[in-house]
Protein chains: 2
Amino acid sequence: MALIVQKYGGTSMGSVERIEHVARKVASWHQQGHQVVVVVSAMSGETDRLLKLARSIDPRGSAREFDQIAATGEQVTIGLLALALGKLGVQSRSYTGWQVPIETDDAHMKARIQRIDGARLLADCAAGRVPVVAGFQGITADGSVATLGRGGSDTTGVALAAALKADECQIYTDVDGVYTTDPRVEPKARRLDRITFEEMLELASLGSKVLQIRSVEFAGKYKVPLRVLSTFVEGPGTLITLDEPQSGGNVEEPLISGIAFNRDEAQITMTGVPDRPGIAAAILGPIGDANIEVDMIVQNVGGDGATDFTFTVHRNDYERALEIMRGVAGELGAKGVAGAADIVKVSLVGVGMRSHAGVASKMFKSLAAAGINIRMISTSEIKISVVVDEMYLELAVRTLHKAFGLEGTPGA
Amino acid sequence: MALIVQKYGGTSMGSVERIEHVARKVASWHQQGHQVVVVVSAMSGETDRLLKLARSIDPRGSAREFDQIAATGEQVTIGLLALALGKLGVQSRSYTGWQVPIETDDAHMKARIQRIDGARLLADCAAGRVPVVAGFQGITADGSVATLGRGGSDTTGVALAAALKADECQIYTDVDGVYTTDPRVEPKARRLDRITFEEMLELASLGSKVLQIRSVEFAGKYKVPLRVLSTFVEGPGTLITLDEPQSGGNVEEPLISGIAFNRDEAQITMTGVPDRPGIAAAILGPIGDANIEVDMIVQNVGGDGATDFTFTVHRNDYERALEIMRGVAGELGAKGVAGAADIVKVSLVGVGMRSHAGVASKMFKSLAAAGINIRMISTSEIKISVVVDEMYLELAVRTLHKAFGLEGTPGA
């Protein structure tokens, strides 16, 4: 019998019928003898409605008042779920952030949790009750309501699990787990039984958006086993864990967990840049000053005292970045500036590649065999990313999915 | 410069535009140098929407959870009004019930205020800020949210005014004061400049519903000067006060403050009841057992060892009460039972009648001169009520309004 924190998102709480469905799921875990603490989001769309109301009065108004208003969305759903549990004969009590209390700093609208007092929740569990806690919110030192920023309910769930030393934090969402890649691109994509925190972070930041990235970092830091599962489809979901697969003699062991991709990139290359110290800063400084975020950066070793410098930005920033680079190229005496907005990034992610040579060469060979030209390469310890023309996205994902055996049976 | 508590109801907070209108009113008082504490209701219809949502899950669910849900309505409007004040350059902070804190007992959905700590609100006032407090809600000893029941925001306003020792509690509503009678019945009805708490209680309970009755009792008990005024029409409103008018030599002093009436009554008379101790209890006991509320009760002194016993009930209970009385009449050996559902009660209210003889006879004479037959009479220290046929309601109200000079210039 375990202590489990379950988090249900806005879609799961989107109507009275769905709240009653969630209550039945919670009741089933409770009746199996588990101690369950539930964290919920507001009904889908409600937080947006409240913030729109606040902005219609003053879009630059006090963040404390925005939080006061926005936090009511979860206060409604905790009450509704506690009522639905009560109706099923499960004793329950709802808790706002301040009632737990969940203490935060005073950075309104993007507050960070500082301390959680789990005593009341644990007392409820011990007495056979199911506490239902409002996600996304806490209380500052001066007694104001603070919110954690969008998607903050995941963070609440993980932080509660850490504070209560729960056996598992289950994040219920509208997908039934983490997949080897996006099933809309590769129908053979397969749900992963387990994945490491590091892999999850790479997959999440690369586009397989299942969990709020901050909550995954948090779970990793506090060693909280995290499980992503579906509210609507029964199944074991995907367990996100610290344990890496044992890469011993088992040749069946998958090297790669998944393939992420990002369609929103654009590439800019400055050619013939004088190869001297400080050149990267001279190029990227003006981009940073213009509040443009840079993703991949590659600098080739130059031969004749000059080098080529390439980076990618969000496609929306492409024209602006290109304009800036033309000015910089003139100042630096570079040969020229070129770019492409119709490119995508495709990444292989897997802790297995740490101990296996040849992953990169296998990747490049597979892509070449499919006739796909690689424009840019960047690697990290558990990830290899390539930039290819946008027209090759689906082909590249499917080619790699097959080459690394991801459509096979789930790994241990 | 005074300390003023202002309470704005749901209609006044019904839209962003109306909230901005309220903010301009508050800002104007603040800019005149007054210290203002504002209490607000939820947007009109919002509390009903929230309670309907809760009832749709479990109409008999935990009252604590109903309160958790219902209290969010005011948490939204305090934030919105604080934003609107901020936009006008008036520094403001919003407070939920627990943030003040307003401590209540744990009778959820009908909690009573036990203690208010006004320190934070007074500190705001001293610093030139306008605190905006959620009406209708407080916090119990165990840290749960409790609501005061419908209309409870008036009570919050009065209780805060008492706790802060405010100079005046202003209740803003959609009427511009208390009238001598309903203007829909007597177009010459006149707004009263002032009225005593006792008169207000009689007028309110008799149908001139302007304020929640509990808040008037509360204001009288704690000697908080209360003023009813309109959010939408400028004017001095009506001051509700402890001071009685000086009834000395001034013959112009009005004896009567107003005329109330109630259309929803029905009359039942038992004739020829044996006149012996315990007869009233024998008649009214079965009525109380059936959960029927009795309003007026009149027993005539009998001549030949028998008496007539008459009472009024709500018109909806008439048939049921008549049925019960027929049974009781048989048991008691009474002569018979008669009744009428087409009757109304008309009441003169005024503290002036305490020291002036002849009010009753003037009332009866005026009604007789207008050809109106009185079916029943009941009196208290500051009220005389008569029951007449429903067809005479308008005539009776207008006759008395003129006879007692209520259409004249306002009294002091």
Side-chain angles (χ1 to χ4, degrees), chain A residues 15-17 19-20 23 42-43 46 49-89 91-96 98-101 120 129 132 134 139-140 142-145, chain B residues 15-17 19-20 23 42-43 46 49-89 91-96 98-101 120 129 132 134 139-140 142-145:
Chain A
S15 66
V16 164
E17 291 68 32
I19 290 171
E20 288 171 334
M43 287 178 152
E46 180 65 2
R49 184 186 74 83
L50 291 164
L51 289 174
K52 196 174 154 199
L53 206 52
R55 274 195 299 267
S56 73
I57 288 186
D58 187 1
R60 286 167 303 281
S62 154
R64 177 187 184 273
E65 302 305 337
F66 271 68
D67 278 353
Q68 186 84 285
I69 294 164
T72 60
E74 284 76 17
Q75 188 168 335
V76 171
T77 47
I78 54 173
L80 294 176
L81 181 56
L83 286 173
L85 284 166
K87 202 178 173 192
L88 296 176
Q91 278 197 57
S92 175
R93 278 173 81 89
S94 70
Y95 292 89
T96 58
W98 62 268
Q99 283 175 325
V100 172
R120 294 189 68 178
R129 286 191 291 270
V132 179
I139 180 172
T140 68
D142 80 343
S144 297
V145 173
Chain B
S15 66
V16 164
E17 292 69 31
I19 289 171
E20 288 171 334
M43 287 177 151
E46 180 64 3
R49 183 185 75 83
L50 291 165
L51 289 174
K52 196 176 155 198
L53 206 52
R55 274 195 299 268
S56 74
I57 288 186
D58 187 0
R60 285 167 303 281
S62 154
R64 177 188 184 273
E65 303 304 338
F66 271 68
D67 278 352
Q68 186 85 284
I69 294 163
T72 60
E74 284 77 17
Q75 188 168 336
V76 171
T77 48
I78 54 173
L80 294 176
L81 182 56
L83 286 173
L85 284 166
K87 203 180 173 192
L88 296 177
Q91 279 197 56
S92 174
R93 279 174 81 88
S94 70
Y95 292 90
T96 58
W98 61 268
Q99 284 175 325
V100 173
R120 294 189 68 178
R129 286 191 292 270
V132 179
I139 180 172
T140 67
D142 79 343
S144 297
V145 173

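Chain letters run A, B, ... following the sequence lines, proteins first and then strands; every chain starts at 1. Hydrogens, waters and symmetry mates play no part in the numbers below; they use all other heavy atoms, side chains included.
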Interchain contact, V145(A) with chain B, by part (heavy-atom threshold 4.5 Å): both
T96(B) side chain reached by W98(A) side chain, heavy atoms, under 4.5 Å: no
When G61(B), S94(B), A70(B), G143(B) are compared by non-hydrogen pairs under 4.5 Å with chain A, the top option: S94(B)
Listed partners of A42(A) passing side-chain contact (heavy atoms from CB on, under 4.5 Å), at least two apart: E46(A), T47(A), E74(A)
Under 3.5 Å: donor-acceptor pair, side chain of Q68(B), backbone of Q75(A): no
Heavy-atom proximity to chain A below 4.5 Å, by part of S92(B): backbone
Interface residue of largest heavy-atom contact number with chain A, from L80(B), V16(B), V132(B), under 4.5 Å: L80(B)
Pairs of heavy atoms under 4.5 Å with chain B: top-ranked of T77(A), I78(A), L83(A), V76(A): L83(A)
R93(A) side chain reached by S144(B) side chain, heavy atoms, under 4.5 Å: yes
List the atom pairs, donor and acceptor, that lie under 3.5 Å between side-chain atoms in residues 50-60 of chain A and the rest of the protein, sequence neighbours left out.
residue : atom : partner : partner atom : Å
S56(A)  : OG   : L53(A)  : O            : 2.6
D58(A)  : OD1  : R60(A)  : N            : 3.1

Heavy-atom pair of closest approach, residues A82(A) and E65(B): CB-CD, 3.5 Å
